[in-house]
2 protein chains.
Amino acid sequence: MAEETSPRGPERRRGDALLRAIHEAALAELAEVGLGQLSMEGIARRAATAKTVLYRRWSTPHELLVDALHQAHPVEVPTPSADDLRTDLVAALKLLTDWMGTPAAGAVLAVMTERHRYPELAEALYSRVFDPRGGTFTSTVLRHYANAGTLDPRRLTPIVTQIGEALVFKLTLDLNRLPTDEELVAIVDEALLPALGFPLG
Amino acid sequence: MAEETSPRGPERRRGDALLRAIHEAALAELAEVGLGQLSMEGIARRAATAKTVLYRRWSTPHELLVDALHQAHPVEVPTPSADDLRTDLVAALKLLTDWMGTPAAGAVLAVMTERHRYPELAEALYSRVFDPRGGTFTSTVLRHYANAGTLDPRRLTPIVTQIGEALVFKLTLDLNRLPTDEELVAIVDEALLPALGFPLG
DNA sequence: CTCATAAGCTACGGATCCGTATCTAACTGG
DNA sequence: CCAGTTAGATACGGATCCGTAGCTTATGAG
């Protein structure tokens with residue numbers, strides 16, 4: 001484990017560098033202990049700073065967390081590239097699973113699954129982090145091909161646009177690991193494309 | 001809120017009655033405070049008993065929780081009744097959403113979503129609660145119709161058998177409420193049946 | 001009716017987190 | 001290079017939960 005810069009000597013972080021370290025520590029702490037155990041004390045310990053530094057900026061761990069997510073959020077958006085619906089759908093799901101491997105994703109999922117317990121937190125996450133962006137992942141691709149005429153727009157019901165994401169989440173939960181590329185292809189071929197009106201073989 | 005039996009006087013619970021009260025309190029406590037905050041103190045408070053009573057039977061809140069789930073678990077199993085795949089699938093999903101309204105379901109979901117944090121708990125839940133039962137809900141129905149010849153068994157891939165449950169979970173998460181009957185029908189018509197090889201219209 | 005069992009109470013020392021206050025010393029802008 | 005800012009360290013009283021101990025008393029089996 002390499003230390004940053006010089007191994008010893010008082011090297012004091014300030015401003016953005018400190019902020020980023022705190023944000024990172026918050027997400028890591030959340031991933032490890034969970035939303036219910038997230039504490040200023042824990043975040044400060046992990047960020048190797050003092051509680052006072054945190055309380056100068058935030059009143060609660062939740063406020064801190066929202067900032068951390070806001071900062072970490074720029075997520076890659078699928079850009080339908082090929083003129084191939086199937087390939088683009090698989091690519092969109094791959095983007096999703098890539099994102100799900102990040103610390104920020106764990107944090108977002110934790111907030112979502114415990115939203116009935118911390119409603120203000122979920123609301124803050126929506127209004128400050130998600131709302132700025134449109135629909136996610138597969139729906140971006142689906143709208144593109146619907147506009148291009150490849151797809152009957154009437155097929156794009158609220159249910160159908162969720163099939164890909166829903167199965168990725170379910171598989172991740174069941175298998176306790178991210179889906180493989182083969183499984184993503186299976187999701188597209190066996191579930192998504194049939195629902196879009198392209199029966200297999 | 002009516003008190004049980006006589007309003008006053010020392011009426012001391014024993015044996016099964018006490019046990020059931022504790023199990024119930026554990027699930028309620030979990031639903032309210034979350035897995036990370038589940039404590040003997042909290043369960044005892046909610047069950048209106050003393051911590052000592054709990055420690056006489058269990059060493060940790062997690063052990064107590066597994067017992068509570070074990071006791072609460074007998075879940076209704078879909079019995080394909082009509083000779084109508086569509087109707088039976090909708091009925092199976094209805095059973096699922098009914099179950100999801102129970103306290104036990106909240107507990108199970110909490111354990112599953114935090115399984116990386118408490119692996120022993122998830123494992124205990126599998127070996128002591130789930131394993132005794134076969135596949136759940138839609139897969140029961142699907143196997144029935146595959147055996148009856150209505151359905152091509154090759155369609156029943158690991159992905160396809162998860163579509164219904166996956167969408168119910170996703171919708172519940174997104175909408176922050178259980179799916180309506182209409183939404184269940186939409187899941188069957190727009191996602192499940194097409195994937196099983198029955199294109200719409 | 002008697003008596004063993006177990007529920008229910010109270011209290012404890014230890015640990016952790018809370019939120020705040022106080023002081024120091026390292027940075028940095030001017 | 002000096003002064004203002006702010007990171008960092010320490011300590012605090014209060015709160016909560018931990019796990020255990022000692023005791024009282026309701027309950028049910030014989």
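As the structure is a computational prediction, the values presented were derived from the model and not from experiment. Note on naming: letters A, B, ... go to the chains in the order of the sequence lines (proteins, then strands), and numbering restarts at 1 for each one.
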key: Sequence-distant partners of B:L95, side-chain contact (heavy atoms from CB on, under 4.5 Å), two or more places apart   =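 Result, side-chain contact (heavy atoms from CB on, under 4.5 Å) vs B:L95: B:E76, B:P78, B:F137.
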
Sequence-distant partners of B:L178, side-chain contact (heavy atoms from CB on, under 4.5 Å), two or more places apart =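 Partners of B:L178 by the side-chain contact (heavy atoms from CB on, under 4.5 Å) criterion, ordered by chain and then number, come out as B:M100, B:T172.
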
task = Kindly say whether A:T180 contributes a backbone atom to a donor-acceptor pair with the side chain of A:E183 at under 3.5 angstrom?
result =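 Side chain of A:E183 to backbone of A:T180: a pair is present.
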
ask   = Looking only at atom types and distance, does a side-chain atom of A:Q71 sit under 3.5 Å from a main-chain N or O of A:R20, one as donor and one as acceptor?
value =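 Between the backbone of A:R20 and the side chain of A:Q71 there is no qualifying donor-acceptor contact (under 3.5 Å).
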
NZ/NE/NH1/NH2 to OD/OE distance under 4.0 Å, [X] and [Y]:
{"X": "B:R86", "Y": "B:D189", "value": "yes"}
{"X": "B:D67", "Y": "B:R57", "value": "no"}
{"X": "A:K94", "Y": "A:D98", "value": "yes"}

Closest non-hydrogen atom pair between A:P199 and A:G197, with its separation =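 Minimum heavy-atom contact is CD-O, 3.3 Å.
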
key: Non-hydrogen atoms of A:A107 and A:L27 that approach each other most closely   =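 Looks like CB-CD2, 3.8 Å.
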
request  = Mind listing the residues from residues 23-40 of chain A sitting with a heavy atom below 4.0 Å of DNA chain C? Number order is fine.
outcome  =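 By residue number: A:S39, A:M40.
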
[X] [atom1] to [N] [atom2]: how many Å, rounded?
{"X": "A:R46", "N": "C:dC17", "atom1": "CZ", "atom2": "P", "value": "12 Å"}
{"X": "A:L54", "N": "C:dG19", "atom1": "CG", "atom2": "P", "value": "11 Å"}
{"X": "A:L64", "N": "C:dG19", "atom1": "CG", "atom2": "P", "value": "12 Å"}
{"X": "B:H62", "N": "D:dG19", "atom1": "NE2", "atom2": "C1'", "value": "16 Å"}

request  = Scan residues 99-115 of chain A for pairs that pass side chain to side chain donor-acceptor pair (under 3.5 Å), counting only residues two or more places apart or in two chains.
outcome  =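 Qualifying pairs: A:E114-A:R117.
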
inquiry  = Using C1' atoms of five pairs at each end, report the bend of the helix from C:dC1-D:dG30 to C:dG30-D:dC1 rounded to 10 degrees.
reply    =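 Rounded to the nearest 10 degrees, the bend comes out at 30°.
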
query = Closest to the B:Y55 side chain: C:dC18, C:dC17, D:dT20?
reply =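 My answer, after comparing the listed nucleotides, is D:dT20.
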
message = Working to the nearest 0.5 angstrom, can you tell me the gap between A:L89 CG and A:I163 CD1?
response =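 It comes to 10.5 Å.
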
query = Which parts of nucleotides 5-15 of chain C does protein reach within less than 4.0 Å, heavy atoms only, written one letter per nucleotide 5' to 3' as B for base, S for sugar-phosphate only and - for none?
reply = BBBBB------

